[in-house]
Structures are given as C-alpha cells and as structure tokens.
Peer 1: 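Before anything else, here's the structure in question.
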Amino acid sequence: MVLKAIVAYGENRVIGKDNDLIWHLPDDLKHFKRHTAGKTIIMGRKTWDSLGGIPLPKRRHIVISRQADFNAKGCESVQSLEAALALVEHEQEAFIVGGAQIYELALPYLDILEITVVHATLDGHAYFPDWDKTPFERTVQVYHPADDHHEYSFTFETWNRKR
Ligand SMILES: NC(=O)c1ccc[n+]([C@@H]2O[C@H](COP(=O)([O-])OP(=O)(O)OC[C@H]3O[C@@H](n4cnc5c(N)ncnc54)[C@H](OP(=O)(O)O)[C@@H]3O)[C@@H](O)[C@H]2O)c1
C-alpha cells in the first residue's frame, strides 16, 4: 500500500482557520478530487466535522478520534492512525487528508506528499508540521498563476520518499 498525504498550505504552512479552509481555489479542489476519487481518505475528527456531516462523493472515509463512541453516518471510525492503516493495508493507495494533528502523526509513514503551496502568508489556527524534507525529493513542480477565479497563485508539488 502506498500512503500519500494531500494538503494545501500557505508559505507559512497554514492550512486552516476556525475549522475551515482559508482560501477558495477551484483548480486545487479539482486537483484534490482527481487524486482522491475512488480512494480511501483518512482524516481527523475535526476535519470530518468541517465537512458538515456530508462525506465527499465516491470515497471511503476513515475518521480518527479518541472518542470510543464516535460514530457518524458515511464514515468508519477508529481510535488511532495505526488502526486506520490496518484497514487500508490491502488497498493500492490511501490518502491522509488532514488536519494538522493527523498530518503530524502520519509523517513517518508517508511515501508521497502531494502539496499545494499557496503563495500567501495568512493567519490561521492549524498549521502543517515543520517537516523534515531530507528523506524526500521533489519530483513535480507545476505553477498555477492567480486569476479571476483564484485569489492567490500556487504551486503543485509532489515529494517522494527517497529509496
Ligand atoms: N489545507 C488543507 O489541505 C487542509 C486539509 C485538512 C484540514 N484542513 C484544516 O485543518 C483544520 C483541522 O485540523 P486540526 O489539526 O485542528 O484537526 P484534525 O487533525 O482534523 O482532527 C483532530 C482530532 O483528531 C483526533 N486525534 C488527534 N490525534 C489523535 C490520536 N493520537 N489518536 C486518536 N485520535 C486523535 C482527535 O479527535 P477527538 O477530539 O474526537 O478525540 C482530535 O481532536 C481545519 O481548519 C481544516 O479546515 C486543511
């Protein structure tokens, strides 16, 4: 199983504010959909809450919570990242989709990071960890300019764990 993380972060690694995203970037949402459609997505309970109880179409959702009785329609719930990984061990690939707490837990297990670096420095409440890039190499870098539909420019980056 290949474990990937997918995240959009600002120049200061901010990912969210008030349990929501800070930007609306339609082409990044398409990028997220293209990568995760038909796959399993693993998330923290707060990121699940940010979906408003409506799972994303055509994706298996696994939610990590410390609450033994956490249960929500449209997702499977587990109490640790390791339990989530055990549920996907026979899948070809699975995605860690946040938020900050779950990215932090998952970093040692990740094979690939799909990062959208949003070229803005904004305030927020949730930040991607200050991760060590040394074990990874950047294999893809594609710039997207700001335009009428995108307030900020951004760059799609793929980082693969070095073999
Ligand atoms: N920009 C992006 O790409 C992106 C992606 C995803 C999310 N976000 C943003 O990130 C923010 C949410 O991130 P967050 O860090 O606050 O929350 P989170 O990581 O989504 O969820 C945190 C919750 O996960 C559970 N948890 C954490 N560590 C655990 C452990 N070791 N064992 C078991 N359960 C554990 C706990 O749930 P319980 O409290 O239920 O125990 C905890 O409250 C939002 O603003 C969201 O919009 C941004």
Side-chain angles (χ1 to χ4, degrees), residues 3-37 39-57 59-88 93-110 112-131 133 136 140-142 144 146 149-159:
L3 187 65
K4 301 183 175 181
I6 187 161
V7 60
Y9 66 53
E11 298 283 3
N12 53 349
R13 285 177 287 95
V14 68
I15 62 166
K17 188 175 185 179
D18 300 325
N19 215 31
D20 207 348
L21 299 179
I22 316 177
W23 38 66
H24 178 66
L25 302 170
D27 284 352
D28 183 51
L29 294 176
K30 284 183 198 153
H31 169 86
F32 179 88
K33 188 173 172 188
R34 197 166 55 245
H35 277 281
T36 61
K39 308 279 166 59
T40 298
I41 54 177
I42 298 169
M43 69 196 76
R45 195 266 307 159
K46 291 187 180 174
T47 294
W48 166 262
D49 282 352
S50 76
L51 301 179
I54 305 165
L56 301 173
R59 274 150 279 197
R60 178 188 183 191
H61 292 54
I62 299 177
V63 176
I64 304 174
S65 168
R66 290 190 182 87
Q67 307 168 52
D69 59 350
F70 176 79
N71 229 316
K73 197 166 174 248
C75 72
E76 295 157 67
S77 51
V78 291
Q79 284 182 266
S80 68
L81 173 65
E82 288 71 21
L85 297 181
L87 288 180
V88 295
E93 59 180 43
F95 282 85
I96 302 292
V97 299
Q101 294 181 36
I102 301 308
Y103 288 132
E104 175 93 54
L105 288 179
L107 267 170
Y109 298 96
L110 294 178
I112 296 175
L113 287 88
E114 297 290 352
I115 303 175
T116 303
V117 181
V118 179
H119 299 302
T121 301
L122 304 168
D123 284 338
H125 297 129
Y127 290 80
F128 194 83
D130 186 10
W131 61 294
K133 295 187 172 73
F136 296 91
V140 176
Q141 204 174 6
V142 180
H144 186 301
H149 302 289
H150 299 83
E151 187 177 1
Y152 308 111
S153 63
F154 48 95
T155 302
F156 295 123
E157 298 186 351
T158 302
W159 291 78

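Counting starts at 1 for both ligands and their atoms, in listed order.
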Peer 1: Considering both backbone and side-chain atoms of W23, is one of its nitrogen or oxygen atoms within less than 3.5 Å of a nitrogen or oxygen in ligand 1?
Peer 2: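 W23 vs ligand 1: no N/O contact under 3.5 Å.
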Peer 1: For atom 18 (P) of ligand 1, what's the nearest protein heavy atom and its distance?
Peer 2: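 Sorting protein heavy atoms by distance from atom 18 (P) of ligand 1 puts G99 N, 3.5 Å first.
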Peer 1: Closest non-hydrogen protein atom to atom 6 (C) of ligand 1, residue and atom name please, with distance?
Peer 2: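 The closest heavy atom on the protein side is V97 O, 2.9 Å.
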Peer 1: How does T116 reach ligand 1, by side chain, by backbone, by both or by neither, if only non-hydrogen atoms under 4.0 Å count?
Peer 2: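 Looking at T116 and ligand 1, no heavy atom falls under 4.0 Å.
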Peer 1: How far is atom 2 (C) of ligand 1 from its nearest protein heavy atom, and which residue and atom is that?
Peer 2: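 Ranking protein heavy atoms by distance from atom 2 (C) of ligand 1, first comes A8 O, 3.6 Å.
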Peer 1: Given 3.5 Å as the limit, does a donor-acceptor pair link the side chain of Y103 with the main chain of I6, or not?
Peer 2: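 Between the backbone of I6 and the side chain of Y103 there is a qualifying donor-acceptor contact (under 3.5 Å).
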Peer 1: How does Y103 reach ligand 1, by side chain, by backbone, by both or by neither, if only non-hydrogen atoms under 4.0 Å count?
Peer 2: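 For Y103, only side-chain atoms sit under 4.0 Å from ligand 1.
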Peer 1: Is the shortest distance from a heavy atom of F128 to ligand 1 less than 4.0 Å?
Peer 2: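 Distance cut 4.0 Å: F128 fails for ligand 1.
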Peer 1: Check ligand 1 against A126 and write out every atom of the ligand that is under 4.0 Å from a heavy-atom position of the residue.
Peer 2: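 It comes down to these atoms of ligand 1: 10 (O), 11 (C).
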Peer 1: I need the atoms of ligand 1 closer than 4.0 Å to a non-hydrogen atom of G16, numbered in the order shown.
Peer 2: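 The list of qualifying atoms is 45 (O).
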Peer 1: Does K30 come within less than 4.0 Å of D27, counting only side-chain N to carboxylate O?
Peer 2: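 Answer for the salt bridge query: yes.
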Peer 1: Answer yes or no: does an N/O atom from I15 fall short of 3.5 Å to an N/O atom of ligand 1?
Peer 2: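 Yes.
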Peer 1: Quick one: do I112 and E93 satisfy side chain to side chain contact (heavy atoms under 4.5 Å, CB included)? Show the steps, please.
Peer 2: CA-CA 10 Å; I112 296 175; E93 59 180 43; over 6 Å; no
Peer 1: What protein heavy atom sits nearest atom 25 (C) of ligand 1, and how far off is it?
Peer 2: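 Going atom by atom, the protein heavy atom closest to atom 25 (C) of ligand 1 ends up being I64 O, 3.4 Å.
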Peer 1: Which bit of S65 is near ligand 1, meaning a heavy atom under 4.0 Å away: side chain, backbone, both or neither?
Peer 2: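 Both parts.
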Peer 1: Indicate, as side chain, backbone, both or neither, the part of Q79 found under 4.0 angstrom from ligand 1 when only non-hydrogen atoms are considered.
Peer 2: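 Contact part for Q79 vs ligand 1: backbone (N, CA, C, O).
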Peer 1: Please state whether the rings of W48 and H61 are parallel, tilted or perpendicular, taking 30° and 60° as the class boundaries.
Peer 2: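 Answer is perpendicular, since the angle exceeds 60°.
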Peer 1: Just do the ring pair (Phe, Tyr, Trp, His ring centres under 6.0 Å) check on W131 and F136 with the steps written out, would you?
Peer 2: CA-CA 10 Å; W131 61 294; F136 296 91; 5.6 Å; yes
Peer 1: Look only at the side chain of T121 and the backbone of E11, and say whether a donor-acceptor pair between them is shorter than 3.5 Å.
Peer 2: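 Such a contact is absent between T121 side chain and E11 backbone.
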Peer 1: Among all protein non-hydrogen atoms, which one is nearest to atom 36 (C) of ligand 1, and what is the separation to 0.1 Å?
Peer 2: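 Checking every protein heavy atom, the shortest distance to atom 36 (C) of ligand 1 gives R66 NH1, 4.1 Å.
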Peer 1: For A100, take its heavy atoms, then give the atoms of ligand 1 lying under 4.0 Å from any of them.
Peer 2: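 Numbered from 1, ligand 1 contributes 13 (O), 14 (P), 15 (O), 19 (O).
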Peer 1: So does L122 get a backbone contact from the side chain of N12, meaning a donor-acceptor N/O pair under 3.5 Å?
Peer 2: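 At least one qualifying donor-acceptor pair exists.
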Peer 1: Check the angle between the aromatic planes of H144 and H150 and answer parallel, tilted or perpendicular using the 30° and 60° thresholds.
Peer 2: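 Because their plane-to-plane angle lies in the 30° to 60° range, the rings of H144 and H150 count as tilted.
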Peer 1: Heavy-atom distances under 4.0 Å decide this one: backbone, side chain, both or neither, for V7 against ligand 1?
Peer 2: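 Both backbone and side chain.
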Peer 1: Among K46, R45, M43, which one has a heavy atom closest to atom 39 (O) of ligand 1?
Peer 2: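 Nearest heavy atom to atom 39 (O) of ligand 1 lies in R45.
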Peer 1: Return yes when atom CD of Q79 has more than 12 non-hydrogen atoms of other residues, nucleotides or ligands closer than 6.0 Å, and no otherwise.
Peer 2: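 Atom CD in Q79 is crowded, with more than 12 foreign heavy atoms closer than 6.0 Å.
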Peer 1: Given M43, which partner from the list D49, I64, I102, L51 fulfils the side chain to side chain contact (heavy atoms under 4.5 Å, CB included) test?
Peer 2: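 Result for side chain to side chain contact (heavy atoms under 4.5 Å, CB included) with M43: L51.
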Peer 1: So which of V118, L21, D49, L25 gets nearest to atom 4 (C) of ligand 1, if we judge by its closest heavy atom?
Peer 2: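 Looking at heavy atoms only, L21 sits closest to atom 4 (C) of ligand 1.
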Peer 1: Between W23 and Y152, what is the ring plane arrangement, given parallel below 30°, perpendicular above 60°, and tilted in between?
Peer 2: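 Perpendicular, since the angle between the ring planes exceeds 60°.
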Peer 1: Taking atom NZ of K73 as the centre, does the number of heavy atoms from other residues, nucleotides or ligands within less than 6.0 Å exceed 12?
Peer 2: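 Check fails, neighbour count at 12 or below.
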Peer 1: Would you mind running through ligand 1 and noting each atom that sits below 4.0 Å from a heavy atom of Q67?
Peer 2: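 In order of number, 38 (P), 40 (O), 41 (O).
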Peer 1: Mind checking whether T47 has an N or O less than 3.5 Å away from an N or O of ligand 1?
Peer 2: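 Between T47 and ligand 1 (N or O atoms, distance only) the closest approach is under 3.5 Å.
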Peer 1: Could you tell me the residue and atom name of the protein heavy atom closest to atom 12 (C) of ligand 1, and the distance to it rounded to 0.1 Å?
Peer 2: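 In this structure, atom 12 (C) of ligand 1 has N19 OD1, 3.5 Å as its nearest protein heavy atom.
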Peer 1: For F70, does its backbone N or O pair with a side-chain atom of S77 as donor and acceptor, under 3.5 Å?
Peer 2: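 Answer holds: yes.
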Peer 1: Which atom names give the shortest non-hydrogen contact between K17 and D123, and what distance separates them?
Peer 2: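 Closest approach of K17 to D123, heavy atoms only: CD-O, 3.6 Å.
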Peer 1: Measure the distance from atom 42 (C) of ligand 1 to every protein heavy atom, then report the residue, atom name and distance (to 0.1 Å) of the closest one.
Peer 2: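 Checked against all protein heavy atoms, atom 42 (C) of ligand 1 sits closest to Q101 OE1, 3.4 Å.
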Peer 1: Does ligand 1 have an atom under 4.0 Å from some heavy atom of K17?
Peer 2: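 A heavy atom of K17 does come that close to ligand 1.
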